[in-house]
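What follows is a short report on a single structure.
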Amino acid sequence: MNKDREILVALAGNPNSGKTSLFNKLVGANQKVGNWSGVTVEKYEGATSHKGFKIKVIDLPGTYSLTTYSPEEVVARNFLVDEKPDVVVNVIDATNLERNLYLTTQLIDIQANLIVALNMYDEVEDQKIIIDHNQLERLFGAHMIPTSTTKNSGIQSVLDHIVDLYTGAIDVKRNKLNFSAHLEYYIEKMVEIFLTDKELSAKYLPRWLAIKLLVNDKAVYDLVRDRSVWTNVNKVLSEAVYKTGNEFNTDTELMLKEERHAFIRGAIKETVRRSNNRKKSTTDLIDSILINRITGLPIFALFMWLIFQLTFSLGEAPMLWIESAFNHLSIYMSSVLPDGMTKSIIVDGIIAGVGGVVVFLPNIMILFLALAFLEGTGYMARAAFVIDKVMHKFGLHGKSFIPMITGFGCSVPAFMATRTLKNESDRITTLLIIPFMSCGAKFPVYVLIAGTFFEQSMAGNVLFGIYLFGVIIALISAKLLKSTFFKGESEPFVMELPPYRMPSVKTLLFQMWHKAAIYLRKAGTIILFAAVLIWFASNFPRSVDIEKYYEDQRLMLELNSEYDNNKRNELKEKLRVKELAEQIEYSIVGRLGHLIEPLVSPLGLDWRLGISLVTGIAAKEIVVSTMGTIYSLGDIDENSAALRERLLANPDYNQAVALSFMVFVLLYIPCFAASIVFHREAGKWKWTFFYIFYTVAVAWLMSFIVYRISLFLLM
Amino acid sequence: MKTAADLRFGERGIIHSIDQLHPSARRIIEYGFTPGQVIILAHQTLFSDPLAFIIRGTTIAIRRSEAKSILVE
Ligand SMILES: Nc1nc2c(ncn2[C@@H]2O[C@H](COP(=O)(O)OP(=O)(O)OP(=O)(O)O)[C@@H](O)[C@H]2O)c(=O)[nH]1
Ligand SMILES: [Mg+2]
């Protein structure tokens, strides 16, 4: 396709104005749509074609203005200023023009080819607000198009306008926003000077540079201060600052901002009619209960408890189905495959390994569905509001809560969710404590161990205790980190509580499926690979001596006429298990386990548990499957009941060991995939090393303490 | 002078000025807390911190320490 038939379009707008929704309507690609302010931190691309043009659309992160206060703003602004998209579609929540138009005034400053989508027009009509968009269009000099992504209206018109604007069939007036004579005087003067720098003024609009200098914009200051024109510009700027302080008793930044707000207020007075009897909105009503002073916190706790309950109780039945399906599969496969290596790899390696992972799919899906629902409705922001004080006590931000709770599902999205935290120290602290929020993959370990070593009635409490322990360690760590590494500054808590909206079922299911797919992909790749690898490592090398010894034993058994057939088979089985155990000990896995045994024996763990921890670094799901492999290699009806019996049969294991092991699994380094994401999010090797060291050190120390205390109490 | 943190639940006030020396002043202004603006204390948590104000048609939550930098009349 011809290059100049491709139109680059950027969607810009406040958080929650519906950019992503419009993006999806325009390009037909479905992706994350959330109600949490600032969900989209990266830029998303998509493409569509219209009237023979290829339209490439970029969904920019939501921002309230084009300063460079937060990473989102930097991303949005750099794209708009540096890439200069052909057309900018400013998506606006039309029920709240006063706030949304602030960004519009800044888009006018950069002289963007502007189209304004008056989005959520369905709500405008519901609330009987009347907007004179023709007049608004005249005032702002940009095309205003009513749209509703939920009602699917105005989308075609947006596409038409994009093409027409690009081809020149229609025009933008490019009004400039006029400030007071006082400010304009200095802006003009600076513009004149900037124009003498051909290179700079070709790249950046002189007027924009001048305005940005007046609002103390650090990034623009860095752009211009090395230019030769700077001395002259600086002279004008200093005068402006001085005169503004002297004559108006304020500063240029505040003055500019106020004039923007005043312009918008004027425009709205002229163009918007609201019906007078404005009732309390539904959002206010809901909020009067959900974030009520008295009921807010209990309701919050209830929601969190509900998520847990739903995840684990609703997930139980489908879990059993999946489990039995894999059992049938493994029985079937072992009946059709000839005995030998291939059969062992497939049944004990692959089916057992992958099956152990897929079993948790229902839990993962329910958890993410619940989180997506809370996020989509807008409750997540309230949760941050309600819990901020508590979080703040530990040096955290209310927003840290969301990544932390997501960490209960999986550390990968949790690490990514820390991007909503603008402040570096808040973000790194939150990143570092997320591993202590027990992720879904660790759950099977607890189920197996707690279910084996504790009575049915106790197991649930142990499970809850483990989760709680993780949270406590996380909070203490936060406090510790905040009072050592990250002393001082914390991000201000300034956050919009967006109106409640019912997320569409499609969006929710999409998000759930998206997360489930990531999980399944992990099962199909890393875990499959690791399962095969572990199978090999626990089967090789083989000792010929051991093999021979047991061969002789078996032969002697056959020849021994004292036993009847039953007794003989029983003894044969005993020999087989003993041989397996000895062979594993001889294998790579066994050797590695013995190598690290001195490190884990103070925690009451033997080499088998030690090796499970090592393989668990690849993924926590592998911990259980490793134990399965070590304990019941070659066993065709491998299931957790069999594994439980084997574990109980080991005289070295007891409740203290069980607790110690679970605590270690809870606290030590998350899976390999998560660690990669951590590194990407933290951005510095320094933090990645610290993260590995810190999680392992804390895990070791806590396991040690828990083991010693419970030895003392339980034994 | 009274600050936004002194407003009673449901009470409205008009912003007189923002303490320019407060570290979050710029951020607060960015969210629309400017002189002359009407604000209503709409929600508060059990700990009376943070506080949520209705301003320019949206609900914005800020911490008590930040609300103290907003002078109202
Ligand atoms: N009633 C109504 N709701 C809408 C409309 N467009 C979007 N929404 C809802 O508004 C919420 C926010 O939409 P998003 O598309 O995620 O907004 P965004 O601008 O991408 O938000 P950020 O990425 O957080 O900046 C979602 O709950 C949408 O379902 C609309 O035209 N009408
Ligand atoms: Mg978005």
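Below, all heavy atoms of this structure are taken into account, side chains as well, without hydrogens, waters or symmetry copies. Residue numbers begin at 1 in each chain, while the letters A, B, ... track the order of the sequences.
Closest of all the heavy-atom pairs between A:Gly395 and A:Asp426 is O-OD1, 4.2 Å. Shown here for B:Ile29 and A:Leu254, the closest heavy-atom pair between the two residues is CD1-CD1, 3.2 Å. Pairing each heavy atom of A:Leu103 with each of A:Asn14, the nearest pair is CB-OD1, 4.0 Å.
Proximity to chain B involves both the backbone and the side chain of A:Ile291, based on heavy atoms less than 4.5 angstrom apart. At a 4.5 Å heavy-atom cutoff, the contact between B:Leu51 and chain A is made by backbone atoms alone. For A:Asn96, the part lying under 4.5 angstrom from a heavy atom of chain B is the side chain only. Contact annotation for A:Arg265: only side-chain heavy atoms (C-beta onward) come within less than 4.5 Å of a heavy atom of chain B. Contacts of A:Asn292 with chain B are made by backbone atoms alone, with heavy-atom separations under 4.5 Å and no side-chain atom involved.
A donor and an acceptor atom, one from each side chain of A:Asn119 and A:Ser17, are nowhere located under 3.5 Å apart.
The pair A:Asp388-A:Lys393 fails the salt-bridge criterion, with no side-chain N (NZ, NE, NH1 or NH2) lying under 4.0 Å from an Asp/Glu carboxylate O. We find that B:Arg63 and B:Asp49 are not joined by a salt bridge, their nearest charged nitrogen and carboxylate oxygen being 4.0 Å or further apart.
Checked against the 6.0 Å centroid threshold, A:Tyr64 and B:Tyr31 count as a close aromatic pair. Two rings, from A:Phe300 and A:Phe385, have their centers 6.0 Å or more apart.
Using a 4.5 Å cut-off between non-hydrogen atoms, the part of residues 34-44 of chain B that approaches chain A consists of B:Thr34, B:Pro35, B:Gln37, B:His43, B:Gln44.
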